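What follows is one structure encoded as structure tokens, with my remarks underneath.
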Amino acid sequence: MYRLWLWFRSAVFWVWQIIMTLFWGFPVVLLGLFSFRIGYALAIMWNRSNLYGLKYICGVDWQVDGKENIPDEPCVVMSKHQSTWDTYFLPTLFYPSVFVAKRSLLWIPIFGWSLYVLRFIMIDRKSGRSAMAQMCEQAADRLARRRWVVVFPEGTRRPVGAEPQYRIGGAMIAKKVPSKVVPVALNAGEFWPRMGFIKWPGTITVSIGPVISSEGKSAAQILAETEAWIEGRMAQITVKDRFPY
């Protein structure tokens with residue numbers, strides 16, 4: 001019976017997301033064509049509408065530790081990625097920010113168009129070195145415009161407890177720009193699982209680690225330090241058997 005109740009609440013939230021997409025999405029696309037500042041502000045309202053919808057409909061709250069580690073100057077953010085929730089929340093914390101994302105997302109109506117007008121860094125992973133060069137060039141441009149660059153170093157959402165699969169892209173940006181790195185650990189996948197429909201009530205933990213300098217380091221060293229901090233913190237905040245998925 002309890003699981004059925006959770007399913008119902010999750011279904012209501014799913015409808016809520018559709019409504020919020022239609023309500024906020026078109027203004028983001030239309031106004032974002034003329035002003036990044038206005039388009040991004042509306043996108044944040046869109047994100048917050050979903051975050052608070054999730055909180056009050058499904059009982060999923062959040063807490064953040066380590067905010068004092070966020071530097072004054074925008075830099076590269078490398079975050080664990082387990083859930084759609086991550087993409088809603090991180091832009092509200094690192095403001096304004098753009099994500100490094102796969103180019104195929106641009107084809108999604110409204111959502112993909114929003115990524116385009118907000119100048120997200122869209123890459124074709126099949127392009128190999130060419131994609132890496134374009135990613136670094138675009139990241140340098142966004143950072144110069146004082147926008148945080150958010151990278152999910154594992155490339156896609158990973159199941160809770162899955163073996164880490166970190167990639168070099170974010171570290172290459174930090175090396176070539178150059179830029180500092182802010183590591184972020186979070187356990188959103190325990191409450192909004194990857195490929196899962198039910199949203200489990202509870203409190204997501206977001207941990208922001210100390211800044212990692214790129215000065216005098218190779219991309220491999222930057223990535224190793226970032227992975228070590230994130231995975232070390234994940235081991236502390238993860239409860240693998242919290243819910244019966």
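No experiment lies behind these values; they were computed from the predicted model shown.
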Anything under 30° is parallel, anything over 60° is perpendicular, the rest tilted; go ahead and classify Trp62 against Trp85.
tilted
Any donor-acceptor N/O pair, Arg103 side chain to Met122 backbone, under 3.5 Å:
yes
Roughly how far, to the nearest 0.5 Å, is CH2 of Trp46 from OH of Tyr88?
8.0 Å
When rounded to the nearest 0.5 angstrom, what distance separates OG1 in Thr92 from CZ in Arg48?
5.5 Å
Look up atom CG in Leu54 and atom OG in Ser10, then write down how far apart they are to the nearest 0.5 Å.
8.5 Å
So CD of Gln138 and CZ of Arg119: to nearest 0.5 Å the spacing works out to 7.5 Å
Would you check, one step at a time, whether the test side-chain contact (heavy atoms from CB on, under 4.5 Å) holds for Ser79 with Leu186?
CA-CA 8 Å; Ser79 174; Leu186 46 80; 3.8 Å; yes
How far apart are the closest heavy atoms of Ile230 and Met78, and which atoms are they?
CD1-O, 3.4 Å
Check whether Trp107 and Val28 end up in the same hydrophobic cluster, where Ile, Leu, Val, Met, Phe, Trp and Tyr are linked by side-chain heavy atoms less than 4.5 Å apart.
no
hydrophobic_cluster_shared for Tyr2 and Ile57, side chain cutoff 4.5 Å:
yes
Is the count of non-hydrogen atoms from other residues, nucleotides or ligands lying under 6.0 Å from Met20 atom CE greater than 12?
yes
Run the salt-bridge test on Arg158 and Glu163 with the 4.0 Å N-O cut-off and return the result as yes or no.
no
Do Trp16 and Asn50 pass the side-chain contact (heavy atoms from CB on, under 4.5 Å) test, and can you show the C-alpha distance, the side-chain angles, and the key distance before you say yes or no?
CA-CA 8 Å; Trp16 174 263; Asn50 283 317; 4.0 Å; yes
Considering all heavy atoms, the nearest Pro201-Cys58 contact:
CB-O, 3.6 Å
Could you label the plane-to-plane angle of the Trp192 and Phe13 rings as parallel, tilted or perpendicular, counting under 30° as parallel and over 60° as perpendicular?
perpendicular
Residue list, side chain to side chain contact (heavy atoms under 4.5 Å, CB included) with Ala220, at least two apart or on another chain
Ser218
State, to 0.1 Å, how close Val150 and Ser97 come at their nearest heavy-atom pair, and which atoms those are.
CG2-CB, 3.9 Å
Check for a donor-acceptor pair, side chain of Glu190 on one end and backbone N or O of Val160 on the other, with a separation under 3.5 Å.
no
Which residue pairs satisfy the ring pair (Phe, Tyr, Trp, His ring centres under 6.0 Å) criterion with at least one member in residues 165-190, sequence neighbours excluded?
none
Pair Leu93-Val184, side-chain contact (heavy atoms from CB on, under 4.5 Å): steps then yes or no:
CA-CA 11 Å; Leu93 190 61; Val184 178; 5.9 Å; no
Counting C-beta onward and ignoring hydrogens, is there a side-chain heavy-atom pair between Trp200 and Val60 closer than 4.5 Å?
no
Who are the side chain to side chain contact (heavy atoms under 4.5 Å, CB included) partners of Ile38, not counting sequence neighbours?
Leu31, Ser35, Leu42
Please tell me if the side chains of Arg9 and Lys199 come closer than 4.5 Å, counting only heavy atoms from C-beta onward.
no
Would a 4.5 Å heavy-atom cut-off, applied to side chains only, mark Pro178 and Glu215 as touching?
no
I need the minimum non-hydrogen distance between Leu106 and Gly112, along with the two atoms involved.
CD2-O, 3.5 Å
With sequence neighbours excluded, residues passing side chain to side chain contact (heavy atoms under 4.5 Å, CB included) with Gln236
Arg233
Below 4.5 Å, heavy atoms only, C-beta onward: do Leu105 and Lys102 meet side chain to side chain?
yes
Is it the case that more than 12 heavy atoms not belonging to Glu68 sit under 6.0 Å from its CD atom?
yes
For residues Phe8 and Leu4: do they belong to one hydrophobic cluster (side chain heavy atoms under 4.5 Å, members Ile, Leu, Val, Met, Phe, Trp, Tyr)?
no
Sidechain N-carboxylate O distance under 4.0 Å for Glu73, Arg146
yes
Go through the steps for Lys80 and Glu231 under the test salt bridge (Lys or Arg N to Asp or Glu O under 4.0 Å), then give the verdict.
CA-CA 9 Å; Lys80 192 71 175 178; Glu231 294 305 318; 2.8 Å; yes
May I ask you to test the Ile204-Asn187 pair for a side-chain heavy-atom distance under 4.5 Å?
yes
Here the gap from Phe152 atom CZ to Leu90 atom CG, rounded to the nearest 0.5 Å, amounts to 5.5 Å
If Ile, Leu, Val, Met, Phe, Trp and Tyr residues are connected whenever their side-chain heavy atoms lie under 4.5 Å apart, and connections chain through other members, are Ile108 and Met195 in the same group?
no
Check whether Val149 and Val211 end up in the same hydrophobic cluster, where Ile, Leu, Val, Met, Phe, Trp and Tyr are linked by side-chain heavy atoms less than 4.5 Å apart.
yes
With a sphere of 6.0 Å drawn around NZ of Lys217, does it hold more than 12 non-hydrogen atoms of other residues, nucleotides or ligands?
yes
Ring pair (Phe, Tyr, Trp, His ring centres under 6.0 Å) against Trp14, all qualifying residues, sequence neighbours excluded
none
If you draw a 6.0 Å radius around OH in Tyr52, do more than 12 non-hydrogen atoms from other residues or ligands fall strictly inside?
no
Taking the side chain as every heavy atom from C-beta outward, state whether Phe94 and Pro74 have any atom pair closer than 4.5 Å.
no
Do Trp148 and Cys75 have side-chain heavy atoms sitting under 4.5 Å apart?
yes
I'd like to know if Glu137 and Lys176 make a salt bridge, using a cut-off of under 4.0 Å between side-chain N and carboxylate O.
no
Locate the shortest heavy-atom distance separating Gln221 from Gly216; write the atom from each residue and the value.
OE1-O, 4.2 Å
Pairing residues for Tyr40 by the ring pair (Phe, Tyr, Trp, His ring centres under 6.0 Å) criterion, not counting sequence neighbours
Phe36, Tyr95
Look up atom CD1 in Ile222 and atom CD1 in Ile212, then write down how far apart they are to the nearest 0.5 Å.
9.0 Å
Would you say that Trp229 contacts Pro210 through its side chain, given a criterion of any heavy-atom pair below 4.5 Å between the two side chains?
yes
Working for side-chain contact (heavy atoms from CB on, under 4.5 Å), residues Ile208 and Val182:
CA-CA 7 Å; Ile208 304 164; Val182 175; 3.5 Å; yes
What are the two closest non-hydrogen atoms of Ser207 and Thr205, and how far apart are they?
OG-CG2, 3.9 Å
